[in-house]
Amino acid sequence: MQKLLLLGAEAIAQGAIDGGMSGIYAYPGTPSTEITEYVQKNKQAKELKIHSDWSANEKTAMEAALGMSFAGKRAMVCMKHVGLNVAADAFVNAAITGVNGGLIVTVADDPSMHSSQNEQDSRFYAKFAMIPVLEPCNQQEAYEMAFKGFELSEKYRVPVLMRITTRLSHSRSGVVRSEMKTQNLLRLPSDRRQFVLLPSIAKVRYKGLLNSQLGYEQESENSEFNQYFEGENKKIGFIACGIAYNYLLENFPENDIKNPVLKIGQYPIPRKQIEKLLAECEQVIVLEDGYPVVEEMLKGYLANPKIKGRLDGTIPRDGELNPNIVAIALGMENAKDESIAPIVQNRPPAMCPGCGHIDVYKAMNEVLAEFEKGRVFSDIGCYTLGALEPFNAIDSCVDMGASITMAKGAADAGLHPAVAMIGDSTFTHSGMTGLLDAVIENSCITVIISDNSTTGMTGGQNSHAFGRLKEICLGLGVAPEHIREIVPLKKNHELIKQMIREEINYQGVSVIIPSRECIQTAKKKK
Amino acid sequence: MTNNIILAGVGGQGILSIAATIGMAAVKGNLFIKQSEVHGMSQRGGAVQSHLRISDKPIASDLIPMGKADIILSVEPMESLRYVPFLSENGWIVTNTSPFINIENYPELEKVLETIKTRKNHIAIDADKIAKNLGSARSSNIVMLGAASPFLDVPFGDLEEGIRQIFENKGEETVNKNLEALRLGRKFSQENK
Ligand SMILES: Cc1ncc(C[n+]2csc(CCOP(=O)(O)OP(=O)(O)O)c2C)c(N)n1
């Protein structure tokens with residue numbers, strides 16, 4: 001078959017389509033967004049009526065995917081790593097219910113925090129939930145793991161986590177397709193109690209999950225994605241997980257590794273091969289992108305000195321791996337270290353000229369100049385860039401939805417004014433429930449929903465809030481006279497200021513909705 | 001044969017269409033390719049880079065190791081200097097000389113160009129001007145691709161074919177302008193290297 005040139009993310013999407021997936025569920029988040037976007041644009045996926053609309057957040061996505069699995073069909077749910085925190089309740093419990101149709105949970109981690117608040121490692125979550133993990137090293141493997149992951153999931157009737165990192169997700173390479181499988185037919189679970197997690201049932205199911213662990217391990221030992229390469233130099237052996245395997249190989253351009261290497265692409269880690277490697281090598285260097293998950297397991301509480309990696313400083317404790325870091329760990333001479341000319345200045349990302357968020361910040365800053373600093377709780381989106389020069393406008397950015405709830409807590413503590421600055425998509429993702437909390441207590445907060453009618457930061461996906469913001473706020477119980485709408489334009493500068501001032505002075509919940517389309521999505525439509 | 005290319009620029013300047021054209025040419029020539037791009041946050045006017053590797057052998061790493069890049073192809077002069085630690089001893093900097101100024105502390109252009117000229121191997125070309133004279137200001141990135149083409153192990157005809165495919169649905173006129181942009185960039189490098 002002809003090779004397709006695909007991003008890692010796209011390879012997963014194509015693998016899932018070809019593997020008989022009936023629906024993909026997701027909320028956008030770099031570096032996972034392109035998986036769902038690929039399915040949305042794919043002609044065959046459209047013809048096959050594969051579901052691919054966005055969900056309100058990662059938890060609703062996870063649950064919808066589980067519902068599709070309940071009905072016997074194959075489903076995938078995708079998110080960035082921090083999205084798994086949002087979906088965690090559904091995720092951990094889905095390991096207890098198990099699945100009916102195959103279910104793959106694809107999570108994209110972001111070591112070095114290229115576009116994220118942290119660099120948490122999703123393999124920890126999988127270990128916590130006690131489910132198998134697939135971690136591809138390249139685009140072809142990403143394709144195959146998605147393609148075959150559904151079968152693994154159905155064989156053990158358990159969700160499978162597929163973990164990738166930014167680098168693989170956003171790197172393109174040639175991918176060969178396999179023959180397409182047909183979708184499953186609608187078929188309800190044979191046991192009607194499988195998904196009813198009442199304690200009496202959950203206890204039984206949990207025992208089942210525990211009993212399956214050995215099977216998962218044997219599956220890993222026999223998996224084509226885990227490979228043991230013999231080597232005569234047993235001074236050092238290598239364990240290379242996922243993409244780290246490429247960085248190891250890169251340092252041996254002639255393919256002349258003389259050391260034993262265990263390449264890991266499927267978890268739980270394959271016990272037999274691990275035991276063999278540890279028995280035959282004097283030292284073992286563990287290469288993994290992200291947290292030292294495997295290293296920590298092998299090193300143990302008593303710190304087996306044989307095991308080298310991030311914990312003993314052989315590799316830096318944080319940040320993304322690359323070929324040079326691995327070269328240093330291998331004790332190979334590293335390439336020249338030329339520094340960047342001092343004339344080169346940083347060029348951080350910024351809000352686009354003409355963006356409506358800018359008009360909001362300009363007005364807000366002028367009004368709040370009358371107060372001490374430290375009163376604006378913000379959220380996650382393009383407007384977070386208001387933390388940088390020249391705006392210096394916000395005092396927090398923690399997780400999606402935290403603006404409204406933190407403002408409420410601070411107001412409860414007596415802070416006034418307490419302003420929340422949140423985007424439209426973030427509001428429907430996780431802001432609505434917090435606003436309900438504030439309404440119930442009539443907390444003295446001013447919420448600004450800066451509405452650009454899209455999910456801007458991740459590239460302009462549809463926003464569930466579109467055309468509904470006012471009605472949602474009314475429905476949640478915000479007083480109609482304290483829901484204020486305005487178009488954020490220069491000519492309305494004084495009006496916006498006046499609005500903010502009035503609502504700050506109101507002793508209760510108010511919502512200001514400045515609405516103007518994102519200039520990037522507007523440009524695309526032209 | 002392996003070509004390690006670092007594409008550099010500012011979010012929104014179109015380095016990904018350069019990458020796509022080379023990618024198409026590489027696929028046509030049955031070469032292996034890996035191309036790592038930047039999506040997300042930095043696309044908002046920040047510095048962006050793409051690592052593009054083509055080879056007749058399988059490629060391991062998606063990232064080019066430090067000191068192993070054969071070319072830094074930059075559509076913006078200051079950005080070309082940001083990735084110098086990646087450049088190999090005999091590698092080339094091929095850069096546009098028209099600055100993209102969206103920060104307050106952008107250095108004096110003269111000094112930036114001087115620093116570029118201290119490199120043994122460099123091509124500094126005013127791609128914006130060439131594209132403008134051609135009546136196709138947006139083709140500046142394709143001029144840059146042309147300027148890098150003498151250093152690539154891909155047949156020039158395959159790059160032309162790549163341009164045809166990428167701009168196909170924008171009409172004959174656009175295709176021809178971009179082909180011309182490609183040729184003018186190439187000519188400049190051949191005369192100045
Ligand atoms: C739990 C979680 N999911 C997804 C993301 C990725 N993310 C960061 S910003 C953003 C878009 C927010 O859109 P909106 O609130 O409308 O603001 P805009 O960027 O459009 O200004 C998303 C999806 C994240 N950081 N955390």
Side-chain angles (χ1 to χ4, degrees), chain A residues 3 5 7-9 29-31 33-34 110 114-116 138-139 166-174 243 245-253 320-324 326-327 334-341 343-353 382 385 389-390 456-459 520, chain B residues 2 10-12 19-20 23-24 26-27 30-48 50-52 57-68 76 78-79 81-89 100 102-108 111-112 114-116 118:
Chain A
K3 261 191 193 173
L5 193 53
L7 292 175
T30 315
T33 314
E34 295 82 358
D110 191 16
H114 299 282
S115 311
S116 311
N138 59 31
Q139 293 76 357
T166 305
R167 194 56 59 193
L168 180 59
S169 180
H170 289 169
S171 175
R172 226 175 266 284
S173 192
I243 199 168
Y245 180 63
N246 302 350
Y247 301 143
L248 178 64
L249 290 194
E250 183 67 30
N251 284 292
F252 299 89
E320 186 186 4
L321 280 187
N322 62 42
N324 299 90
V326 173
N334 208 7
K336 62 168 194 176
D337 74 280
E338 183 172 354
S339 52
I340 302 171
I343 195 172
V344 178
Q345 302 299 320
N346 272 342
R347 201 190 298 256
M351 284 181 281
C352 313
C382 289
L385 296 168
E389 293 290 346
M457 181 62 105
T458 44
Q520 295 289 350
Chain B
T2 299
V10 179
M24 272 186 193
V27 168
N30 255 326
L31 295 172
F32 291 94
I33 172 168
K34 279 204 172 172
Q35 183 223 331
S36 154
E37 355 182 300
V38 174
H39 294 198
M41 190 123 157
S42 335
Q43 281 180 307
R44 300 269 160 276
V48 291
S50 166
H51 289 207
L52 178 57
K57 287 186 302 213
I59 303 161
S61 167
D62 301 80
L63 288 172
I64 299 169
M66 298 273 203
K68 294 279 167 65
E76 207 280 343
M78 183 179 81
E79 293 308 320
L81 293 171
R82 197 181 298 283
Y83 307 101
V84 159
F86 282 97
L87 201 58
S88 70
E89 220 163 297
F100 185 97
N102 65 346
I103 49 173
E104 280 177 12
N105 53 348
Y106 194 93
E108 252 177 77
K111 295 222 170 99
V112 173
E114 264 168 38
T115 315
I116 292 168
T118 61

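Below, read A as the first sequence line, B as the second, and so on, with proteins coming before strands; counting in each chain starts at 1. Worth saying up front: this structure is predicted, and the values here are computed from it rather than measured. Worth knowing before you read on, the calculation uses all heavy atoms, side chains too, and leaves out hydrogens, waters and symmetry mates.
Heavy-atom pairs under 4.5 Å with chain B were tallied for A:A341, A:G8, A:G174, A:P348; the largest tally goes to A:P348. The greatest number of non-hydrogen atom pairs below 4.5 Å with chain B, out of A:E389, A:Q520, A:E34, is found for A:E34. Most heavy-atom pairs under 4.5 Å with chain A, from the set B:L52, B:N102, B:V112, B:I59: that is B:N102. When the candidates B:T118, B:T2, B:I103, B:N105 are compared by the number of heavy-atom contacts under 4.5 Å with chain A, B:N105 comes out ahead. In terms of heavy-atom pairs under 4.5 angstrom with chain B, the leader among A:L168, A:L249, A:L7 is A:L7.
Interface residue A:L5: only side-chain heavy atoms are found under 4.5 Å from chain B. Contacts of B:E76 with chain A are made by side-chain atoms alone, with heavy-atom separations under 4.5 Å and no backbone atom involved. For a residue to count as touching a neighbouring chain, one of its non-hydrogen atoms must lie under 4.5 Å from one of that chain's; by this rule A:N346 touches chain B with backbone and side chain alike. Neither the backbone nor the side chain of A:L248 comes within contact range of chain B; no heavy atom of the residue lies under 4.5 Å from a heavy atom of that chain. Heavy atoms closer than 4.5 Å to chain A are found nowhere in B:Y83, neither backbone nor side chain. Heavy atoms closer than 4.5 Å to chain A are found in both the backbone and the side chain of B:I33. Proximity to chain B is limited to the side chain of A:Q139, based on heavy atoms less than 4.5 angstrom apart.
Looking at A:R172, A:H170, A:R167 one by one, the single match for side chain to side chain donor-acceptor pair (under 3.5 Å) with B:S36 turns out to be A:R167.
With contacts defined as side-chain heavy-atom distances shorter than 4.5 Å, the pair B:E114/A:I343 does not qualify. In this structure, B:L87 and A:E338 have side chains that are not in contact, with every pair of non-hydrogen atoms separated by 4.5 Å or more.
Annotation: the span from A:S171 atom OG to B:E37 atom CD amounts to 8.0 Å, rounded to 0.5 Å. Between atom CD1 of residue A:I340 and atom OG1 of residue B:T115 there is a gap of 13.0 Å, rounded to the nearest 0.5 Å.
Closest heavy-atom contact between B:D62 and A:I243: OD1-CD1, 3.7 Å. The minimum heavy-atom distance between B:H39 and A:T30, with the atom names listed, is O-CG2, 4.1 Å. Across A:E250 and B:S61, no two heavy atoms sit closer than the pair OE1-N, 3.1 Å. Closest of all the heavy-atom pairs between A:R347 and B:F100 is NH1-O, 2.6 Å.
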